[in-house]
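Data block below; observations after.
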Amino acid sequence: MDADKLETIRAIHDSFDKKQTSVVEVTRYFLDSIKKNGGKSGLNAFLTVCENRVLAKAEAADQILSAEGKVPRDRLPLFGIPLGIKDNLTMDGVRTTCGSKMLDNYVAPYTATCVQRLESAGALCLGKLNMDEFAMGGSNENSAYGPVQHPTQPERVPGGSSGGSAAAVRAGLCVAALGTDTGGSIRLPASYCGIVGLKPTYGRVSRYGLVAFASSLDQVGPMARTVEDAAILLDVMSGHDPRDSTSATVSKGAYREALGKAPETQAEWSGIRIGVPKEYFVGGLSAEVQKSIQSSLRWFESKGARVIPISLPHTEYAVAVYYLIAVSEASSNLARFDGIRYGVRPAEAENADDLAAFYRKVRGHFGPEVKRRIILGTFALSSGYSEAYYRRACQVRRLIKQDFVTAFEKVDFIAGPVSPTTAFKIGERISDPLQMYLNDIFTIPANLAGLPAISIPSGTEAPDSLPIGFHLIAPPFQEERLLSLAHAFEKRGAAR
Amino acid sequence: MNMTSIQNDFEAVIGLEVHAQLATDSKIFCGCRARLLGGHGGESVADVAVNLNTCPVCSGHPGALPVLNRKAVEFAIMAGLATHCRINPRSVFARKSYFYPDLPKGYQISQYDQPICEAGWLEISTSATPKKIRIDRIHMEEDAGKNIHLSGFSVVNLNRAGVPLIEIVSAPDMRTAEEAGAYLRALHGVVTYLGICDGNMQEGNFRCDANVSVMPKGAKEFGTRAEIKNVNSFRFIEKAIEFEIRRQIEVLRAGGRVVQETRGYDSARNVTVSLRTKEEAQDYRYFPDPDLIPLRIEDSWVVSIQSMIPELPAQKFARFISEFGLSQYDADVLIASKTVAEFYEECVGILRVAYPDPFDLRAASKAAANWTTGELMRLLNEEGRELSASKIRSEHIADLVRLTQSRVVSSTGAKQALGVAWKTGESIETIVEREGLRQVSDTGALEVSIDKIIAGFPAQVAEYKAGKEKIIGFLVGQVMKQSGGKANPSLVQELLKKKLS
């Protein structure tokens, strides 16, 4: 089988149409790749593979294909497309661990809305992808099932928390994947692994079935090799969900269609204003990353876009605000893991003397980073402190949001780096959580403000060709424009 | 020194927190049933096989999200309007965190600093003049499940988890256990008349916690309060408060200090016992639930809900007195239960046809009230039965009124007929005919027996003729006796007077 014919949705659909391959063949190809390279002995990207489930669906798809003669693209835009699902999204009857020992044996009784929409559009879910425990981390080193390896540099991290998703997409273990982004967890690993990662507007994709880390920040999004594939996935999974009160009622866009509206003429380009916040170019940003971002900005200028220096004055508080709000919500969201109804209940808990001892023994099975955040969040919400920490953070969050509102009066997009550096080495920063937290400085503001943001590969860093991501942020619900601009940027190499 | 004089030196301050389970079909944040068979006397959801009435949302599965039940909001607004509260155009659901096996998410979704209703009142009337008890707030929340302890292990039943509740918090405006009881009854009347709560205290769908403190009479500052949790009857709440007031006064008289704590009521011993002190009190770490957007309530919605509010106990009480001329006592007994009040109004409806004249109707309505609050209540209380579970229908009472007013049946005979109807459910007319309870009003037959009595009691007849008119009662009695109680006494008297004149 010709692997590069399996890289994108369009390419796979073409080979189906031309009868060059069957859905089962494609599915088996990906299952074999996962067996070779996806498990413990390889990238450690897949935690669960749903072989029987996905093959049954593939066989059914082949029957449709032989009956209809070609891919029913309009009805099933993801027909026969093998995808990976981050392991914090539920699938009925499938183990969902969230990268935690706590849920080692947890089989979800229902399917997340976003996954159900993908499957209804013909997608084939190959299995569940490794992640930092409960999505808490930026390197995937916090998984209870071991770190995920970087797809091209095995001694490095793939980024996190959707590290399994990014590594699997880049390594060709699936065509595209779902990730979730609370403070950069889609964009950061997309940037480190050299793929496209989109965090949609908060509320654009239903959170029903997404195991919550920080409910007011979490958002599901696509991770793919191309902007077009990301757009197709968003087309399928976005839109209001009556099961999620925070899902937006704003009507969804036509994202793939929007790619055809990418700016082309000088006149079209000259109407585009890209803001570059001075706060995103400060100490800690590596020279190579900065160079790549500057060169990308020059490309936009060369096309005729206006690149405008702007200021987001409250950026310096973003990390502190994020780590107060996220840990506060997490401390509450993770309270349900008490060993009573589901999840792991260790033998020593069965013999606990009282309820408090029972909880200690069960909840002792969270990993160190999760424990740290639960403790911080419990403190930030506790009586006597919540005014100074949680409530204060909520107030500053509004100021950060306002920074963006003001900025978007003058510009159409905001651009900058995704991460201060490229992928670092496994173990290099694990002992310094603060340094790790600061790594999220450029991605966090979009979560706090609920804005759509994308990471697109923009270059590599020598000597290991480590990918660098270019970060574009748009006003709420402007995914169509965001994707079309990203699409134009993506095509720049071909045009040059 | 006796208790009364001790209590005279002190004054109690009482506030009540009432949890009322809203009688919606589904739970507050998911589609599971909140009650079965439409409520009222029906099987409760707790009776369904353990944990079968659950879903990923109410059993707290990871990733599941709450969606607010509109009907529950409507019911909460009704409660607010009926208690003269302000309905807040924006309210917020908050998480109240604590660990307990019956709490599936590790937090309860409740409302904290921005509840749905605030600043209302409810009027109560005890022996003294009517008094307004202020209501601080009404907030919405979800119920927890239930732990069932078996030998050696426990089971958690989540069938009830997520059932909608409102918590109605009064100001500390009550001063006696009697006032607290009156407030609780008034509130119970409001929610049951609204039809938003089944109001069954034993089943726990109307539960009460009481905050009680005492202070020297006339003091400005309240004493330290104790909270008495989950008392499950009107009678016990009054007794628990009475005990608690006495206990706190004794503590203060002995030079001690009342400790802020949570206490439980032991009805068998009629005492309250300490459950936990303030030092052990939990920090609930309230914060707005990020899974639920703020609840916005449009004025137009409130207006349309206002139009759905039925006549409430206080209004019915006033109308029963003005329209039917009932005594306060009768009106009070009748309105105490919505079922009884509706039963009574059905009686009046039937009587309205029989008595087109308003004056006659008023008299008949009063008589119907007497029958309902008297004989019928006595029978119900004797057998501890609910009116809805008895065989007596409004037609029975209306017939009793009609037949006694028209003197077809004596009041003794009518009581006898009601007694039979209580057992068999047959119509009063059927019973009267079969049991021969019809009064004798045949003047020919009566005159024969009157003549006999006049002949048999010459001395009394002479006394009457000499001007001692009261003696006629004796003679009427003798005729009645001879008729076996079936004679119409006023007709007998009329005929006697005619013969002796």
Side-chain angles (χ1 to χ4, degrees), chain A residues 88-90 96 98 102-103 106 108-113 134 203 206-212 214-218 241-247 325 328-329 331-343 350 355-356 358-359 363 377-386 390-391 394, chain B residues 29-31 51 54-70 92-109 112-113 144-145 147 149 152-158 161 280-296:
Chain A
N88 58 351
L89 294 162
T90 62
T96 302
C98 293
M102 199 63 109
L103 290 176
Y106 177 67
Y110 71 104
T111 301
T113 300
F134 289 106
S206 169
R207 291 187 299 114
Y208 190 75
L210 158 60
V211 182
S215 314
S216 75
L217 301 159
D218 295 342
D241 176 12
R243 288 181 183 275
D244 174 3
S245 315
T246 64
S247 91
I325 291 174
S328 295
E329 294 183 10
S331 72
S332 165
N333 284 329
L334 271 58
R336 69 186 63 196
F337 303 109
D338 58 3
I340 302 279
R341 285 145 292 124
Y342 48 73
E350 296 288 0
L355 212 45
F358 175 87
Y359 288 137
R363 289 172 63 79
T378 304
F379 177 74
L381 284 176
S382 60
S383 151
Y385 297 97
S386 68
Y390 174 75
R391 292 208 176 216
C394 290
Chain B
F29 296 122
C30 65
N51 291 323
T54 60
C55 72
V57 176
C58 60
S59 56
H61 271 270
L65 296 171
V67 176
L68 183 58
N69 177 345
R70 194 180 158 88
V92 172
F93 284 92
R95 295 182 180 178
K96 177 182 181 178
S97 298
Y98 61 94
F99 282 102
Y100 204 59
D102 69 7
L103 190 68
K105 298 185 292 297
Y107 58 84
Q108 177 193 31
I109 304 177
Y112 182 51
D113 50 2
N147 294 341
H149 303 288
F153 67 106
S154 299
V155 186
V156 182
N157 184 0
L158 298 176
E280 301 161 54
Q282 314 232 18
D283 177 358
Y284 292 121
R285 307 192 304 280
Y286 282 102
F287 78 106
D289 190 336
D291 288 334
L292 290 159
I293 48 176
L295 171 58
R296 293 190 186 277

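The chains referred to below are lettered A, B, ... by the order of the sequence lines, with proteins before strands, and numbering in each begins at 1.
- Looking at A:R341 and B:D102, no side-chain N of the basic residue comes within less than 4.0 Å of a carboxylate O on the acidic one, giving no salt bridge.
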(Q) Run A:R243 and B:L65 through side chain to side chain contact (heavy atoms under 4.5 Å, CB included) and show every step you take. (A) CA-CA 7 Å; A:R243 288 181 183 275; B:L65 296 171; over 6 Å; no
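- For the atom pair OG (B:S154) and CG (A:L355), the distance works out to 9.0 Å, reported to the nearest 0.5 Å.
- Taking A:Y385, A:Y390, A:F337, A:Y208 one by one and counting their heavy-atom pairs under 4.5 Å with chain B, the maximum is reached by A:Y208.
- With values rounded to the nearest 0.5 angstrom, B:H61 atom NE2 is found 10.5 Å from A:T90 atom OG1.
- Each of A:D338, A:T246, A:N88 has some count of heavy-atom pairs under 4.5 Å with chain B, and the biggest count is that of A:T246.
- Contacts of B:Y284 with chain A are absent, with no heavy-atom separation under 4.5 Å from either backbone or side chain.
- Note: A:Y110 OH to B:C55 SG = 10.0 Å, rounded to the nearest 0.5 Å.
- Ring planes of B:F99 and A:Y359: tilted class, angle from 30 to 60°.
- Annotation for A:S215 and B:P290: closest pair CB-CG, 3.6 Å, computed over non-hydrogen atoms.
- A donor-acceptor contact under 3.5 angstrom links the side chains of A:R336 and B:Y107, judged on distance only.
- In terms of non-hydrogen atom pairs under 4.5 Å with chain A, the most contact-rich of B:P62, B:C30, B:G106, B:P66 is B:P62.
- B:R95 and A:S332 are linked by a side-chain donor-acceptor pair at a separation below 3.5 angstrom, with hydrogens and angles left out of the test.
- For A:R391, the part lying under 4.5 angstrom from a heavy atom of chain B is the side chain only.
- Your options are B:S97, B:P288, B:P101, and the one with the most heavy-atom pairs under 4.5 Å with chain A is B:P101.
- Other residues, nucleotides and ligands contribute at most 12 non-hydrogen atoms within 6.0 Å of the OH atom of B:Y112.
- Contact annotation for B:P104: both backbone and side-chain heavy atoms come within less than 4.5 Å of a heavy atom of chain A.
- Here the shortest heavy-atom pairing between A:S245 and B:D291 reads CB-O, 3.6 Å.
- The shortest non-hydrogen separation linking B:R285 to A:T378 is CD-O, 3.5 Å.
- For A:D218, no part sits under 4.5 Å from any heavy atom of chain B, backbone or side chain.
- Here the closest heavy-atom approach between residue B:V67 and residue A:D244 is recorded as CG2-N, 4.3 Å.
- One N or O on the side chain of B:D283 and one on the backbone of A:S383 form a donor-acceptor pair closer than 3.5 Å.
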